[in-house]
Amino acid sequence: MEGVVHRTVCTNGILIHFVEMGSGPVVLFLHGFPEGWFGWRKQIPVFAKAGFRAIAPDMRGYGDSSAPEGANNYTYLHIVGDLIGLLDALKVEKAFVVGHDWGAMVSWQLVIFRPDRVIALANLSVYYSPRNPNGSMVTLMRKYSGGKHYMCKFQVLGADSCMGKFKSNGANYFYDWG
């Protein structure tokens with residue numbers, strides 16, 4: 001994409017790739033699943049032109065960022081730590097944060113764990129949902145979707161191998177596998 005600068009920082013024990021454009025107050029864009037920074041390609045130049053420094057990372061496990069082995073390396077503490085490390089490496093005290101889908105879920109945790117680093121939050125497509133005493137998100141998705149929701153499907157070892165099929169079948173693939 002013309003005009004963006006690609007960079008990588010080492011933080012929290014991994015490499016985080018990100019793009020940036022513009023100068024001014026920082027807007028941190030957090031992508032959804034199964035996207036990467038490129039999901040924000042239309043917003044980045046608009047915010048840069050409006051006087052902001054737009055930053056969009058590939059979060060842990062996505063794109064050109066490191067993908068450590070093991071689910072235990074993908075807790076909210078790890079991912080929020082990555083984002084704080086990114087802001088620290090860039091010497092950014094506070095940022096506006098915009099999240100979509102998975103990025104929205106992560107940004108809610110960023111605001112909970114580190115409200116001192118967030119000026120304001122705007123999330124798309126995912127509302128705040130506190131921990132439910134009736135079960136985990138996956139358990140509740142199984143209950144309400146009969147196990148057909150993609151979040152349930154990706155709990156099976158090796159389920160990520162189906163991602164190539166997503167390109168040909170679209171988002172319905174995540175809800176229709178049987």
Side-chain angles (χ1 to χ4, degrees), residues 1 4-68 71-132 136-138 140-141 149-151 154-155 171 174:
M1 185 175 128
V4 298
V5 176
H6 290 261
R7 294 180 54 196
T8 301
V9 297
C10 183
T11 183
N12 207 19
I14 66 167
L15 296 175
I16 295 289
H17 168 262
F18 65 98
V19 298
E20 64 181 325
M21 178 186 270
S23 61
V26 170
V27 179
L28 182 66
F29 291 97
L30 302 179
H31 62 79
F33 172 86
E35 305 166 340
W37 76 265
F38 196 72
W40 297 107
R41 69 191 174 283
K42 295 187 179 191
Q43 291 79 15
I44 291 169
V46 172
F47 276 78
K49 186 176 180 181
F52 292 92
R53 181 180 177 194
I55 299 172
D58 285 331
M59 290 193 284
R60 174 182 289 247
Y62 290 85
D64 291 327
S65 289
S66 297
N72 59 323
N73 287 306
Y74 292 85
T75 67
Y76 283 129
L77 291 174
H78 285 90
I79 299 167
V80 168
D82 297 343
L83 298 173
I84 295 301
L86 173 64
L87 294 175
D88 287 348
L90 300 176
K91 299 184 181 353
V92 174
E93 290 289 321
K94 292 184 173 208
F96 293 95
V97 180
V98 181
H100 170 253
D101 186 63
W102 169 241
M105 294 173 67
V106 169
S107 65
W108 287 119
Q109 301 307 310
L110 175 61
V111 169
I112 290 169
F113 294 146
R114 294 302 305 267
D116 59 310
R117 302 300 294 270
V118 178
I119 298 167
L121 172 64
N123 277 332
L124 309 170
S125 77
V126 176
Y127 57 88
Y128 175 70
S129 179
R131 289 186 69 133
N132 189 323
S136 71
M137 181 180 295
V138 174
L140 296 173
M141 285 292 188
H149 192 276
Y150 76 88
M151 287 185 194
F154 274 83
Q155 302 308 303
F174 289 126

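Counting begins at 1 with the first residue of the sequence.
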Only pairs under 3.5 Å count here: list side-chain donor-acceptor contacts from residues 87-96, not counting sequence neighbours, and write none if there are none.
| unit_1 | atom_1 | unit_2 | atom_2 | d |
| --- | --- | --- | --- | --- |
| D88 | OD1 | R117 | NH1 | 2.9 |
| D88 | OD1 | R117 | NH2 | 2.9 |

Shortest non-hydrogen separation from [X] to [Y] and the atoms involved:
X	Y	answer
A48	M21	CB-CG, 3.4 Å
G81	T11	O-OG1, 4.4 Å
G39	Q43	O-OE1, 3.8 Å
R53	G24	CB-O, 3.5 Å
A54	F29	CB-CE1, 3.8 Å

task: Identify, with sequence neighbours excluded, every residue that meets side-chain hydrogen bond (donor to acceptor under 3.5 Å, both in side chains) alongside S136.
output: T139
Residues 101-108 side chain polar contacts: donor-acceptor under 3.5 Å, at least two apart:
| unit_1 | atom_1 | unit_2 | atom_2 | d |
| --- | --- | --- | --- | --- |
| D101 | OD2 | F33 | N | 2.8 |
| S107 | OG | G103 | O | 3.2 |
| S107 | OG | A104 | O | 2.9 |
| S107 | OG | N123 | OD1 | 2.8 |
| S107 | OG | N123 | ND2 | 3.2 |
| W108 | NE1 | V126 | O | 3.4 |

Atom pair [atom1] ([X]) and [atom2] ([Y]), whose distance is rounded to the nearest 0.5 Å:
X	Y	atom1	atom2	result
H78	N72	NE2	CG	7.0 Å
I79	I16	CD1	CD1	9.0 Å
L28	E20	CG	CD	11.5 Å

task: Mind running side chain to side chain contact (heavy atoms under 4.5 Å, CB included) on I14 and N73 for me, showing each step along the way?
output: CA-CA 11 Å; I14 66 167; N73 287 306; over 6 Å; no
CE/M1: more than 12 non-hydrogen atoms of other groups inside 6.0 Å: yes
- request: Compare all side-chain heavy atoms of W40 with those of F47 and state whether any distance is below 4.5 angstrom.
  value: no
- prompt: Below 4.5 Å, heavy atoms only, C-beta onward: do N132 and L140 meet side chain to side chain?
  reply: yes
statement: Residues passing the ring pair (Phe, Tyr, Trp, His ring centres under 6.0 Å) test with F113, sequence neighbours excluded, are none
Residues in ring pair (Phe, Tyr, Trp, His ring centres under 6.0 Å) contact with H6, at least two apart in sequence or another chain: H17, W37
task: Quick one: list whatever passes salt bridge (Lys or Arg N to Asp or Glu O under 4.0 Å) with E35, sequence neighbours left out.
output: none
Sidechain-backbone polar pair: [X] side chain, [Y] backbone, donor-acceptor under 3.5 Å:
X	Y	result
D82	N12	no
Y62	G32	no
H31	D58	no
T8	L15	no

message: R41 vs V19, test: side chain to side chain contact (heavy atoms under 4.5 Å, CB included). Steps then yes/no.
response: CA-CA 10 Å; R41 69 191 174 283; V19 298; over 6 Å; no
- request: Determine the sole option in I44, V26, V4 for which the side chain to side chain contact (heavy atoms under 4.5 Å, CB included) test with I55 is passed.
  value: V26
